[in-house]
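Please read the structure below before turning to the comments.
Chain naming here is simple, since letters A, B, ... match the order of the sequence lines and numbering starts at 1 in each.
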Amino acid sequence: MTAAASTTATKPARRGWAFLAPTILPGFGTAFGFTLAYLCLIVLIPLGHMALRAADVGWDRFWAITLAPRVLHAFFVSFGCALAAALINAVFGLVVAWVLVRYRFPGRRLIDAMVDLPFALPTSVAGIALTAIYAPNGWIGALAKAAGFKIAFTPLGIVIALVFVGMPFIVRTVEPVLQDLDAEVEEAAASLGATRWQTFTKVLLPTILPALITGVALAFARGVGEYGSVIFIAGNIPAVSEIVPLLIVARLEQYDYAGATVIATAMMGVSFLMLLGINFLQRWTRSRHAR
Amino acid sequence: MPAEPHSRRPAVGEGPMMRLALIGLAILFLAAFLALPLVAVFSQALAKGVGAFLKGLADPDALSAVRLTLTVAAIAVPLNLVFGVAASWAIAKFNFRGKSLLLALIDLPFSVSPVISGLVYVLLFGLHGSFGPWLRDHGVQIIFAVPGVVMATVFVTFPFVARELIPLMQEQGVEDEEAAIVLGASGWQTFRLVTLPNIRWGLLYGVLLCNARAMGEFGAVSVVSGHIRGKTNTMPLHVEILYNEYNFVAAFAVASLLALLALVTLAAKAALEWRFADQIAAAKR
Amino acid sequence: MAIEIRNVEKTFGAFTALGGVSLDVRSGELLALLGPSGSGKTTLLRIIAGLDHADAGEVSFDGQDTRDRAARDRKVGFVFQHYALFRHMTVFDNVAFGLRVKKKAERPAEMDIRRRVDQLLTMVQLSHLATRYPSQLSGGQRQRVALARALAIEPKVLLLDEPFGALDAKVRKDLRKWLRHLHDDMHITSIFVTHDQEEALELADRVVVMNHGQIIQVGTPAEVYDHPADSFVFDFLGGVNRLNGVIEAGVARLDGKAVRVDGAVGADGPAVIYVRPHQVELGVAPAEGVPEGKWSARVSSLHAAGPVARLELDLAGRALEAQLSRDRLSDLALEVGSWCTVDFRHARVFPAKS
């Protein structure tokens with residue numbers, strides 16, 4: 001375990017470029033080597049291989065597949081619903097985090113533990129359970145039916161499933177920031193004459209915002225790729241409630257490897273761009289907030 | 001003091017009505033999205049009585065799905081545990097170039113759709129995949145077989161342990177380890193006697209989450225398994241098949257087992273947090 | 001504005017933070033609340049600001065009870081110990097905050113806000129840092145931003161919680177002088193909390209000494225320093241020698257010899273004689289014996305850096321600290337191990353606590 005590292009570690013510290021900063025701790029070579037090898041084997045090579053297969057398809061066919069109306073619509077549904085769900089979660093997740101951090105009431109600890117349920121519950125179980133509730137003959141679905149609209153088997157159902165899946169991301173990223181808020185800052189705002197609402201919007205929200213954006217980004221990224229909890233409730237009607245992951249599975253089942261690969265690569269590309277955008281937004285809010 | 005920072009600050013709290021309204025809103029939201037699905041699973045499973053419920057579970061295909069799920073988790077979790085410890089040792093205890101890139105790459109599986117996680121292996125090892133013909137000639141089957149299910153599960157659960165350990169070990173710094181080395185401990189002794197006791201709860205926590213996901217993964221496994229009853233069906237896949245056959249009671253019966261697993265996971269997590277409350281608080285500081 | 005505090009009580013669980021405190025704050029004065037931690041001084045300040053509510057008693061501003069006035073309606077400027085600046089706002093926006101959150105009808109036009117903030121920043125000598133964020137400032141600069149922010153709402157009372165507590169010694173002294181000048185210019189009724197007796201004595205018009213949720217003594221710095229009400233105040237207001245003696249027939253005695261003391265002597269019994277180090281008078285020891293009414297002591301250590309020399313003496317087995325000028329020290333020609341006579345210019349005696 002120590003052989004590789006000790007050679008790196010005992011070398012005199014060079015000025016300028018050095019891969020590893022001087023250290024007396026052993027095991028870097030083994031740990032780093034294993035990490036890199038495992039990462040390449042499990043993640044990087046398979047993903048890179050997929051990108052190569054997508055490139056093999058050729059530029060014209062790539063766009064022909066991606067821009068087909070059914071595919072475009074699936075993209076619209078996947079990203080739109082994920083965004084809607086993330087925004088709904090931004091509001092309710094913040095309320096939940098606020099209540100859990102600020103108030104003491106019976107059942108708080110139970111609720112706190114339950115927030116992680118979407119992390120722990122297999123997606124297919126969540127999918128069939130939500131469908132059972134929001135289908136027209138389900139507990140809530142029946143209420144909606146009486147009010148004249150449908151939840152399951154429409155994009156609304158997809159949003160519901162994605163709210164379920166994404167909720168803990170928001171709560172768990174916002175919670176620590178709320179816990180660390182300095183009570184004196186709120187008192188300062190109050191003593192300067194701010195109302196409770198002004199204190200919230202002008203002082204608290206700007207402080208919470210970076211964490212909230214992180215949470216939204218995580219929930220959004222998860223929502224875009226989500227499959228198990230969505231396919232049952234979505235109804236999967238082409239051009240209405242069909243999501244991109246389902247389209248990929250459908251192509252695979254028809255042995256249309258090229259189609260599946262192209263759609264998957266395009267989806268990763270779009271997700272990547274959006275996360276990049278969110279990252280910039282993040283930096284911008286943080287720079288205005290220089291610790 | 002940090003336990004109830006706002007209870008002693010009368011000038012900045014919300015009024016009792018606002019408080020009640022917010023708590024009510026939070027509970028209503030969580031009831032609709034968390035409690036109701038859970039209740040639905042168990043009530044649907046028992047909708048036709050305990051007999052039908054048990055019959056759904058005793059089905060040979062269901063039992064074989066349980067076996068496969070346990071097998072897959074038993075392989076994937078230890079693999080990712082070893083990886084998680086190695087990665088967090090390298091990342092948290094050393095400074096090297098490209099560390100943040102490595103961190104981002106470890107997180108990558110979190111932002112990849114589960115379906116794509118399965119697809120990448122189909123493209124490599126499937127019948128029409130790059131190594132497909134070679135594998136077929138040598139009589140090895142990965143896709144639509146257990147090895148593929150294991151690979152896809154390893155991929156999706158890849159970051160869990162590392163993700164828990166890295167921030168924890170970074171927080172703890174290197175001084176303890178350096179002291180141990182200076183005192184003459186070997187690398188392995190240092191890890192076992194100094195590092196490990198400090199990261200125990202993070203390790204258990206990561207394993208818990210990793211295991212829950214490994215047993216519950218659906219999308220990635222669904223792509224590579226081929227849904228062969230009694231052979232490559234894990235429990236979540238079996239739930240889907242039964243559901244699509246309109247065998248709701250059996251579907252929810254198997255689902256209730258998975259829901260139970262989720263509840264046990266949450267309870268264990270809460271117990272861990274309670275048991276290691278002081279360490280968690282120390283790590284946050 | 002004058003503030004009257006009547007029988008204010010406050011408990012946190014089993015802990016009594018304030019046990020019936022009454023105090024009159026005069027309009028325009030600079031008042032120090034001085035005491036050790038846990039003495040209730042910060043709690044009293046927070047109750048005046050409306051950040052905490054008293055369990056009993058009342059606080060009135062110019063004769064008007066404040067019970068039903070929320071913190072934000074009190075027009076009290078509060079400077080927090082850790083400044084509590086808004087991290088996501090620039091220095092300018094921090095100072096402007098109190099003006100911008102006013103109700104539409106009372107809010108000055110944006111141009112007036114700018115002018116007012118510029119004025120305040122000039123006053124606290126931070127105009128050049130208006131666009132910086134709090135994280136980019138030093139502790140002393142943050143403190144002045146917090147002060148400017150509190151002054152922006154034209155408060156009738158300025159409350160400061162340990163205003164110099166988080167600063168290093170040099171900055172602390174500068175800022176103290178500066179605050180005194182500022183107060184002399186503006187004459188806002190100001191109360192500050194401190195546990196540093198030097199700060200309280202140097203800065204305040206009057207000092208309120210608190211302990212265990214009670215006010216022990218109120219007076220000018222000279223009054224509390226020269227005439228401490230009890231042994232606690234004597235102890236708390238600076239270095240002191242405590243010598244075990246007795247009171248016999250109304251006379252305080254140390255090793256049998258009478259000690260001249262200021263103030264009341266008290267009942268007979270064991271007693272503690274309090275002497276400040278600079279009130280210890282040293283003399284050249286005669287060749288033989290001890291002069292009448294004086295004590296004899298041996299120098300056990302000597303620190304003579306700076307204008308003042310500090311000596312530790314051994315007075316019949318007791319440690320005694322003395323301070324004298326360097327000139328006086330060289331006149332006496334004392335060294336470690338040499339003998340000298342000891343007398344006390346001023347001393348107080350309090351009965352020993354049983």
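In this structure, the side chains of L102(B) and F32(A) come closer than 4.5 Å at one or more pairs of heavy atoms. Taking 4.5 Å as the limit, every side-chain heavy atom of S113(B) sits out of range of all side-chain heavy atoms of E226(A). Between L39(A) and F158(B), the closest side-chain pair of non-hydrogen atoms falls below 4.5 Å.
For L218(A), no part lies near chain B; criterion is any non-hydrogen pair under 4.5 Å. With a threshold of 4.5 angstrom between heavy atoms, V39(B) approaches chain A through its backbone and through its side chain. When heavy atoms are compared at a cutoff of 4.5 Å, D56(A) does not approach chain B at all. The part of F105(A) that comes within reach of chain B is its side chain, from C-beta onward, which places non-hydrogen atoms under 4.5 angstrom from that chain. Only the side chain of L252(A) comes within contact range of chain B, with at least one heavy atom under 4.5 Å from a heavy atom of that chain. Contacts of S271(A) with chain B are absent, with no heavy-atom separation under 4.5 Å from either backbone or side chain. There is no contact between R108(A) and chain B, counting heavy-atom distances below 4.5 Å. Contact annotation for A126(A): neither backbone nor side-chain heavy atoms come within less than 4.5 Å of a heavy atom of chain B. With a 4.5 angstrom heavy-atom cutoff, L36(A) touches chain B only via side-chain atoms.
Within 6.0 Å of the CZ atom in F131(B), the count of heavy atoms belonging to other residues, nucleotides or ligands does not exceed 12. Residue E175(B) qualifies as open at atom CD: its count of foreign heavy atoms under 6.0 Å is 12 or below.
In plain terms, the two heavy atoms of F252(B) and A132(A) that are nearest each other are CZ-CB, 4.0 Å. Between L30(B) and M167(A), the closest heavy-atom pair is CD2-CE, 3.6 Å.
Contact count against chain B (heavy-atom pairs under 4.5 Å) is highest for D116(A) among I140(A), L44(A), D116(A). The choice from Y255(A), Y134(A), F272(A), F232(A) that makes the most heavy-atom pairs within less than 4.5 Å of chain B is F232(A). Contact count against chain B (heavy-atom pairs under 4.5 Å) is highest for V163(A) among I248(A), V249(A), V163(A). When the candidates L119(B), V223(B), V85(B), T265(B) are compared by the number of heavy-atom contacts under 4.5 Å with chain A, L119(B) comes out ahead.
Using a 30° and 60° split on the angle between ring planes, F218(B) and Y227(A) fall in the parallel class, below 30°.
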Q: Kindly indicate, with the supporting measurements, whether the criterion side chain to side chain contact (heavy atoms under 4.5 Å, CB included) is fulfilled by L47(A) and F155(B).
A: CA-CA 11 Å; L47(A) 278 176; F155(B) 184 103; 4.3 Å; yes

(Q) For V82(B) and Y38(A): C-alpha separation, side-chain torsions, deciding distance, then whether side chain to side chain contact (heavy atoms under 4.5 Å, CB included) applies. (A) CA-CA 10 Å; V82(B) 172; Y38(A) 191 76; over 6 Å; no

**Q.** Derivation of the side chain to side chain contact (heavy atoms under 4.5 Å, CB included) call for L22(B) and Y103(A)
**A.** CA-CA 10 Å; L22(B) 285 175; Y103(A) 306 148; 3.5 Å; yes

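For the side chain to side chain contact (heavy atoms under 4.5 Å, CB included) test with P37(B), the passing option among I128(A), L130(A), T131(A) is L130(A); the others fail.
A donor atom on one side chain and an acceptor atom on the other are found under 3.5 Å apart for S130(B) and R53(A).
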